[in-house]
Number of protein chains: 2
Amino acid sequence: MARKVTSQDVAREAGVSRSAVSMVLNGRAEGAISAVNQKAVREAAERLGYRPNRIAQSLRDQTSHTIGVISDSIVTGAFGGPMLAGASVRAAESDYVLLVMGSDGRTDRNAEFIDALLARQVDGLIYAAEGMTAWAPPRIFRREPHILLNAFDPSGGSTGVVCDEVEGGYRATCLLLDAGHRDIVALTGTPDVEATGRRSAGHQRALAEAGIRGRELVCGWEIDRGLDLGTRVLEAEDRPTGVVCANDRVAAGVLLAAARLGLRVPEDVSVVGYDDDPNVAPQLGLSTVGIPHREMGVRAVDLLLGSLGEASLPGGEVVVPTPVMRRGSVAPPSR
Amino acid sequence: MARKVTSQDVAREAGVSRSAVSMVLNGRAEGAISAVNQKAVREAAERLGYRPNRIAQSLRDQTSHTIGVISDSIVTGAFGGPMLAGASVRAAESDYVLLVMGSDGRTDRNAEFIDALLARQVDGLIYAAEGMTAWAPPRIFRREPHILLNAFDPSGGSTGVVCDEVEGGYRATCLLLDAGHRDIVALTGTPDVEATGRRSAGHQRALAEAGIRGRELVCGWEIDRGLDLGTRVLEAEDRPTGVVCANDRVAAGVLLAAARLGLRVPEDVSVVGYDDDPNVAPQLGLSTVGIPHREMGVRAVDLLLGSLGEASLPGGEVVVPTPVMRRGSVAPPSR
DNA sequence: CTGTTAGCGCATTCAG
DNA sequence: CTGAATGCGCTAACAG
């Protein structure tokens, strides 16, 4: 921290007192400071490039205008970014700033991180996860205003902003159903991930409403798994007319499998992804269900900031809707 | 900021003065405070859960132990994350914390962000970019200790941490050359991106050393472009035996194209990617050149922190080497 | 209308 | 060995 200009400097330059400077610059001058002096203060501040020291303000006001973000994974994949961006921009709008600590996998360091954040007097805490996770906030975390982002408290005590995975699973399947498909295979993610079960529930509901039974195969999350299982499913006797995938990367794998087998998409088989992965879905023309990461980040900061004022958070899950993206990978079945 | 326990509270609890507390907790107690009192202080601090208020410390020490990170894009893609993670972890090691502001594309807000950061008395500034970019730091930025991450100052005045793109392009091509390929096509990125030219230079050098001429086709960065150009290149009369791609997504597109054309990889054609994209390359078994994002983040913080002490930054580019990843997508040519 | 004072929490003098 | 005093930069209350 180099030598900075203080309100004292401005006061001297303008020939007034420090409190006069403070009042003028904080809009508390009306009916208190003469117009000439107000002008003098403003000009002096401008000339000197005065910027109030927020550290000093924080100490005095007992509020740091700072939110601590902690995560063991946000900083790893493609989705943490937009979430952070949403949070950062929303925070900036309210003149807040994000203090970010990411351990990139070492969850054992979380306690240490929370400590560092609290020592810096953050006004609130966000725990953010890359993929939807159950996370039980430790007591030290719960004692501060806090919210979970893309995570939920299994005990339901803390509030978590998540997207509507059940509805998402439902909508993904409807993409196929609405086009007339009756023979559908779902390539699901791994059961260790919470979202897998929820999407599956939505999927089953959609199937039930249509009065048909589908097949679910545990696949995983990566493109090579999509290639493997996609190949197996598409070269079988009972080849389905539509495939819903765990995510867009898996769907890309299925596209690859179809290509190798000489099958056209969507003429011979329709494919639906999940995530609306910005690196995959638009380029491949994948119909998919999006996860509004950015919006979730905005929402979390919104709620957290709100809870700083009065309304305390209700607990449980705040559900953000999942948008359906219709692109070219779905068509009516040919048989 | 809820009611917090202060050093005053600890002093009262331990029955000593505030200065005694300060000395004990800062290791300045030897030969100054009696052992009994030292113990009393430590226990009282523990019991009360005392955590020194870093805002107050900052005000006093004139150093916030905080680094401002600003970016218009880091928060968007898959690579900003690891960079941030490296930076965050390295900073934490030195008891620093990252204040992150990402505009997610709105570069016009940078000035506003820098202001917010400076008002918070950050000790240093990092400008981070998702993909290597030229960025001329504004004066207000240059006045503080600063460094660019995955970016460089066209004027060379400021220091930027970048990876060795020329060498990367060289190595990518060598992957093919070393396997015996003599008929190579390069699918390059768009010329607006600095990395494109650098990789191309390395590519040409490798070709020249091998005494052969290759073909370069401007392709772009997305999987659909790889599919398009891959198809065109692979179905042509003069089909090459090896293809080097702008990145792993393009390579995935080429793989798709090969599959559709009934060509096997690597038997019929070898493919090399770039980036070592964690979502693509390992799963597809892509031989590729990695970009050490995490390491770059570490390096930037390292240098910045170092420059806070004494040694000022040299200016120009600090180049981090690019690792070669050999996987299964390259084999000797069949003809 | 303006200037002075006090105190946010801390670490460092300097007297005792 | 310890306690009181000082100042970091700011704003609100209060006295002039």
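With respect to Arg12(A) and Asp9(A), a salt bridge is recorded, a charged nitrogen being found less than 4.0 Å from a carboxylate O.
Applying the 4.0 Å criterion to OP1 and OP2 of dC10(C), one finds that Asn53(B) has every side-chain N and O outside that range.
If you measure from atom CD of Gln57(A) to atom P of dC10(D), you get 7 Å, rounded to the nearest angstrom. Rounded to an integer number of Å, the gap from CG of Asn26(B) to C1' of dG9(C) is 13 Å. With rounding to whole Å, Arg120(B) atom CZ is found 19 Å from dC8(D) atom C1'. Straight-line distance from the CD atom of Gln121(B) to the P atom of dC10(D): 8 Å, rounded to whole Å. In this structure, Gln62(A) atom CD and dC10(C) atom P are separated by 10 Å, rounded to whole Å. Following rounding to the nearest Å, Arg60(B) (CZ) and dC10(C) (P) show an atom-to-atom distance of 12 Å. With rounding to whole Å, Asn37(B) atom CG is found 9 Å from dT2(D) atom C1'.
Nearest-nucleotide positions on DNA chain D for Val16(B) and Ala56(B) put Val16(B) closer to the 5' end. Nearer to the 5' terminus of DNA chain D, by closest-nucleotide assignment, is the contact made by Gln8(A) (compared with the other of Met23(A) and Gln8(A)).
Here the straight-line distance linking atom CG of Leu99(B) with atom CG of Leu117(B) works out to 6.0 Å at 0.5 Å rounding.
Among the heavy atoms of the strands lying under 4.0 Å from Ser7(B) are primed sugar atoms or P, OP1, OP2 only; no base atom is included. Residue contacts shown for Arg18(A) include a base, since a base heavy atom lies under 4.0 Å away. Nucleic acid contact class of Ser34(B) (heavy atoms, under 4.0 Å, all strands): sugar-phosphate only.
A distance-only check finds no donor-acceptor pair linking the side chain of Thr133(B) to the backbone of Trp135(B) [under 3.5 Å]. Judged by distance alone, with hydrogens and angles left aside, the side-chain atoms of Arg18(B) form no donor-acceptor pair with the main-chain N or O of Gln8(B) at under 3.5 Å.
One cannot find a donor-acceptor pair under 3.5 Å joining the base of dT13(C) and the side-chain atoms of Ser19(B).
With dC1(C), dT11(D), dA11(C) as the choices, the nucleotide that has an atom nearest any side-chain atom of Asp61(A) turns out to be dT11(D). Residue Leu59(B) places its side chain closer to dC8(D) than to any other of dT11(D), dC8(D), dT12(C).
The aromatic rings of Tyr127(B) and Phe141(B) lie perpendicular to each other, with more than 60° between the two planes, well past the 30° mark.
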